[in-house]
Amino acid sequence: MRQFPPSRIVCLTEETVETLYLLGEEDRIGGVSGYAVRPPRVRPDKPRISAFTSADIPKILALEPDLVLTFSDLQASIAAELIRAGIAVHAFNQRNIGGILEMIRTVGALVGALDKAETLARSYEPRLAEVAALVRGRPKPKVYFEEWDDPLISGIGWVSELIEIAGGEEVFPELRKQKAARDRIVSPEDVIGMAPDIILASWCGKKVVPDKIRQRPGWDAIPAVRNGRIIEIKSALILQPGPAALTDGLDSILASLGQQ
């Protein structure tokens with residue numbers, strides 16, 4: 001018979017790991033994604049059992065988890081294999097700030113810590129409102145966020161929203177509702193035409209190379225390139241749809257836009 005709340009949880013992405021630690025429920029975690037770095041003690045504390053689109057299924061099964069937490073269609077094949085092996089799986093699919101707060105509340109509900117999760121989720125709202133008030137009325141620099149470099153992929157929903165909260169004008173806001181990365185592909189000419197003042201880049205765990213951006217044909221006409229305003233934001237801060245994005249990720253955007 002399965003027990004509630006689950007005592008052995010495997011997290012295949014980093015945002016659920018950070019959330020469980022913030023809820024004080026880290027003892028339930030049996031294994032984590034290789035990308036999990038928050039809090040720092042997670043690295044020595046927990047065995048690593050997956051990348052993002054691949055996982056060590058035998059290693060996960062050996063942990064005998066009561067529950068595995070996954071994210072998005074990119075982990076659908078992993079989830080299916082675990083389900084066929086008789087493992088309970090919950091797949092999150094949050095793509096905006098509201099979805100991040102919902103994820104926190106859901107994780108809390110899954111581990112019997114609903115009140116703590118509600119408190120945690122609500123704790124982020126004052127900072128978001130404070131930043132929005134801080135930049136209100138200031139000039140809005142045009143911002144291009146690059147999630148990947150080949151092909152060029154613009155920012156996902158929560159990133160676009162955080163840029164606007166931090167006082168920027170995201171140059172492809174119409175793409176924020178597109179869940180799949182392939183639907184957020186833009187052309188180099190599209191970016192040139194938008195003439196962003198700032199380029200923020202976070203290449204999904206790969207180190208950003210500003211020279212590669214500067215050397216793209218025709219990009220020397222872009223104000224951000226011309227003025228040396230190409231800035232990397234670490235993937236662990238901005239590309240995980242969880243607490244990191246709402247805290248250090250938002251602060252990084254704010255600093256990059258010169259809005260502090």
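Values below: all heavy atoms of this structure, side chains included; hydrogens, waters and symmetry mates excluded.
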Verdict with supporting geometry, Asp115 and Thr119, side-chain contact (heavy atoms from CB on, under 4.5 Å):
CA-CA 6 Å; Asp115 288 346; Thr119 298; 5.6 Å; no
Taking side-chain hydrogen bond (donor to acceptor under 3.5 Å, both in side chains) as the definition, give me every residue that meets it alongside Asp248, ordered by chain and number, with sequence neighbours left out.
Arg38
Trace of the side-chain contact (heavy atoms from CB on, under 4.5 Å) decision for Ser50 with Ile78:
CA-CA 10 Å; Ser50 71; Ile78 301 171; 5.8 Å; no
For [Y], is there an ion pair with [X] - N to carboxylate O distance below 4.0 angstrom?
{"X": "Glu147", "Y": "Arg184", "value": "yes"}
{"X": "Asp149", "Y": "Arg216", "value": "no"}
{"X": "Glu81", "Y": "Arg84", "value": "no"}

Hey, does the side chain of [X] reach the backbone of [Y] with a donor-acceptor pair shorter than 3.5 angstrom?
{"X": "Glu161", "Y": "Ile97", "value": "yes"}
{"X": "Arg95", "Y": "Ile156", "value": "no"}
{"X": "Lys179", "Y": "Gly157", "value": "no"}
{"X": "Glu14", "Y": "Gln240", "value": "no"}

Can you tell me how far [atom2] of [Y] sits from [atom1] of [X], rounded to the nearest 0.5 angstrom?
{"X": "Ile29", "Y": "Ser7", "atom1": "CD1", "atom2": "OG", "result": "12.5 Å"}
{"X": "Glu26", "Y": "Asp45", "atom1": "CD", "atom2": "CG", "result": "8.0 Å"}
{"X": "Tyr35", "Y": "Thr13", "atom1": "OH", "atom2": "OG1", "result": "12.0 Å"}
{"X": "Asp27", "Y": "Arg8", "atom1": "CG", "atom2": "CZ", "result": "13.5 Å"}
{"X": "Thr19", "Y": "Glu25", "atom1": "OG1", "atom2": "CD", "result": "12.0 Å"}
{"X": "Ser77", "Y": "Leu82", "atom1": "OG", "atom2": "CG", "result": "9.5 Å"}

Measure the shortest side-chain to side-chain distance between [X] and [Y] over non-hydrogen atoms and say whether it is less than 4.5 angstrom.
{"X": "Ser33", "Y": "Val17", "value": "no"}
{"X": "Tyr21", "Y": "Lys46", "value": "yes"}
{"X": "Ile60", "Y": "Leu12", "value": "yes"}
{"X": "Phe92", "Y": "Glu15", "value": "no"}
{"X": "Ile9", "Y": "Thr16", "value": "no"}
{"X": "Tyr144", "Y": "Ile222", "value": "no"}
{"X": "Arg229", "Y": "Val143", "value": "no"}
{"X": "Leu69", "Y": "Met103", "value": "no"}

Positive for side-chain contact (heavy atoms from CB on, under 4.5 Å) with Val208, one of Glu232, Glu146, Lys234
Glu232
Taking the inter-plane angle between the rings of Phe52 and Phe71 on a 0 to 90° scale, is it parallel (under 30°), tilted (30 to 60°) or perpendicular (over 60°)?
tilted
Can you check salt bridge (Lys or Arg N to Asp or Glu O under 4.0 Å) on Lys142 and Asp197, steps first, answer last?
CA-CA 5 Å; Lys142 293 195 295 181; Asp197 301 300; 5.8 Å; no
Linking I/L/V/M/F/W/Y whenever their side-chain heavy atoms sit closer than 4.5 Å, directly or via other members, would [X] and [Y] fall into one cluster?
{"X": "Ile100", "Y": "Val107", "result": "yes"}
{"X": "Ile153", "Y": "Trp158", "result": "no"}
{"X": "Ile233", "Y": "Ile230", "result": "no"}
{"X": "Leu250", "Y": "Leu120", "result": "yes"}

Please walk me through it: do Arg105 and Leu101 pass side-chain contact (heavy atoms from CB on, under 4.5 Å)?
CA-CA 6 Å; Arg105 292 179 169 101; Leu101 298 177; 3.6 Å; yes
I would like to know whether Leu162 and Phe145 meet side-chain contact (heavy atoms from CB on, under 4.5 Å); could you show each step before the answer?
CA-CA 11 Å; Leu162 289 171; Phe145 185 92; over 6 Å; no
